[in-house]
Novice: 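Got a structure for you, questions after.
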Amino acid sequence: MFIALDDTDSTEGMCTTYLTTLILRKLRNKYPNLNTGMPNLVRLNPNIPYKTRGNGACWFHIDDNNDNNLSNEKKEKEKEMKLRKKDIKTIVLEFLKKYSLFEDENTNPACLFLDDKNFDKNFEILNKFYKKAVSQLCTIEEADETGKKINAEVYKFKNGRGIIGCLGGLGCDFADLTYELLVYRTEENFGKERKIDVESVFKMHELLYPETFDNVNEEEHKLVFMPHGKDPILCGIRGNSVDVVNKAFSMLKFREEISFMQIFRTNQHTDAHLMPKKISELKQYDAAIIEGTVIENPKRIEKGHTFFKISDGTANITCAAYGVTCLKNIAFNLVKEDKVRLCGGIESHKDTFNIEKIEIIELAKIYKKENPICPNCKIRMKSEGKDKGFQCKKCKLRLKNDTVRFIEIPRNLKQEIYEVEPGHRRHLSKQLCRYKI
Ligand code: ATP
């Protein structure tokens, strides 16, 4: 049986991964022979307005076929399994009701149960829903319809929007995947400053990067693998394998007591949300890759936020690199006629494409005008006005307008991909250090 959960937390606390881990711990404790496997954390469209933080949904699978605590007799075994499934559902729902932050108007929990047969039979439907949920806006009605089509047992609370995440998460194909080892705090520390020995994290990073990534920001000598809010997570170690995140964990020195940890399989850092699109096809909340030519030189406003316009022949759009990330400087150095490929999406400003990565496909040549040098006096001549030629201040020699020289200015950008620095990246954004994978 597959069990999916979403939308249980708010900025005031909790986290769906924590609730999933609490449920798994309870199930493993009560049914030690039940195979609960590794839970999954699936990030969905980062641009949607309903998210608390990273728009993550969780699911896990329980496999009770190989439990030798169950009766050998077929009929008896089936009866026991049925009873246990019922009990598991009760536990999941009890935990969901107990821990979800119902008082927050933006928390609309849901959970679903789906048996293995219906999962296998309907995976294409689920995967189609995932592909939409990870890159576009979905409605609760669409999710309800999908839930019915696949015969899922659905539980929704308040407006039940969490059902979108439950179904989207379950449809993830993990075409590319990473792992995140989440370390949870003890309850009395929720909301307090997080305490980890900084140097132990840098040492781990030095040894294990790039197999584990986004733990530190080297330039600012800062830890970036800890959230800042009231949620129960102390830190999350991200990496390409279970081995590497376990090894990284063993190297850390914690300065506060930890409750427990859990590794999740995840679609984080895979660019799963980026669908190639024409600019004319873009809708609000889409995540996409667009390609085009810069048609307006960049403009910078307060805090360094930088805007420029590109066109791909179907339409044009304003693109934004915000002041908090280093991409603002890359964006500011673009000029008209540069060709770029941009990863990003549209959030609340429906006419602005927020950039996650900039790939320079072609750099336009830029020139500066240089007045001619006087052949007699060897000094630079002065312009006589627009199209009026040049004159030497000393010997008064006059030269025609076409003696002006155009000097190519070297560009301070390269034909490469520029990304946001660790700490500011979206959960789904694939790091350049993962590009070979
Ligand atoms: P956390 O990462 O801490 O678990 P969160 O950022 O995942 O929090 P949620 O509390 O899960 O935020 O809220 C996200 C809500 O948006 C959920 O109700 C989810 O079902 C819904 N949702 C997810 N993807 C989409 C989508 N593509 N379109 C519309 N709604 C979506």
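Note that ligands are numbered from 1 as they come in the structure, with each ligand's atoms numbered from 1 the same way. The first residue in the sequence is number 1, and the count goes up from there.
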Novice: Report the member of Gly169, Cys138, Gly56 with the shortest heavy-atom distance to atom 28 (N) of ligand 1.
Specialist: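 The option holding the nearest heavy atom is Cys138.
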Novice: For atom CD of Glu124, decide whether the heavy atoms of other residues, nucleotides or ligands shown that lie under 6.0 angstrom number more than 12.
Specialist: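 Atom CD in Glu124 is not crowded, with 12 or fewer foreign heavy atoms closer than 6.0 Å.
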Novice: Hey, is Glu211 close enough to Lys247 for a salt bridge, meaning N to O under 4.0 Å?
Specialist: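 No.
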Novice: Among Thr16, Thr20, Asn47, Asn55, which residue places a heavy atom closest to atom 14 (C) of ligand 1?
Specialist: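 Considering heavy atoms of Thr16, Thr20, Asn47, Asn55, the nearest to atom 14 (C) of ligand 1 sits in Asn55.
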Novice: With atom 19 (C) of ligand 1 as the reference point, say which of Asp6, Ile164, Leu5 has the nearest heavy atom.
Specialist: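 Answer by nearest heavy atom: Asp6.
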Novice: Out of curiosity, is Gln136 lining ligand 1, as in a heavy atom under 4.0 Å away?
Specialist: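 For ligand 1, residue contact (heavy atoms, under 4.0 Å) with Gln136 is present.
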Novice: If you measure from each heavy atom of Asn108 to ligand 1, is any distance below 4.0 Å?
Specialist: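 No; Asn108 lies far enough from ligand 1 that no heavy-atom distance drops under 4.0 Å.
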Novice: Any N or O of Arg53 that comes nearer than 3.5 Å to an N or O of ligand 1?
Specialist: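 N/O-N/O distance below 3.5 Å exists for this pair.
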Novice: With the threshold set at 4.0 Å, does a side-chain nitrogen-carboxylate oxygen contact exist between Glu256 and Arg194?
Specialist: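 A salt bridge is absent here (no side-chain N lies under 4.0 Å from a carboxylate O).
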Novice: Look at ligand 1 and say whether Ala133 reaches it with a heavy atom at a distance under 4.0 Å.
Specialist: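 Contact present.
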Novice: Under a 4.0 Å threshold between the charged nitrogen and the carboxylate oxygen, would Arg341 count as salt-bridged to Glu291?
Specialist: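 Yes, this pair counts.
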Novice: Using 30° and 60° as the class boundaries, would you call the ring planes of Tyr99 and Tyr18 parallel, tilted or perpendicular?
Specialist: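 Taking Tyr18 first and then Tyr99, their aromatic rings stand perpendicular (interplane angle over 60°).
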Novice: Can you check whether Asp9 has an N/O within less than 3.5 Å of an N/O in ligand 1?
Specialist: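 Min N/O separation from ligand 1 is below 3.5 Å for Asp9.
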Novice: May I ask you to check whether Ile163 has an N/O atom sitting below 3.5 Å from an N/O atom of ligand 1?
Specialist: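 No; the residue has no nitrogen or oxygen that sits under 3.5 Å from a nitrogen or oxygen of the ligand.
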Novice: Taking the six-membered ring for Trp, are Phe174 and Trp59 parallel (under 30°), tilted (30 to 60°) or perpendicular (over 60°)?
Specialist: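 Taking Trp59 first and then Phe174, their aromatic rings sit tilted (interplane angle of 30° to 60°).
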Novice: For ligand 1 and Ile48, I'd like to know whether there is a polar contact (N/O to N/O, distance under 3.5 Å).
Specialist: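 No: no nitrogen or oxygen of Ile48 is under 3.5 Å from one in ligand 1.
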Novice: Does Glu419 pair with Arg434 as a salt bridge, N-O distance under 4.0 Å?
Specialist: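 Answer for the salt bridge query: no.
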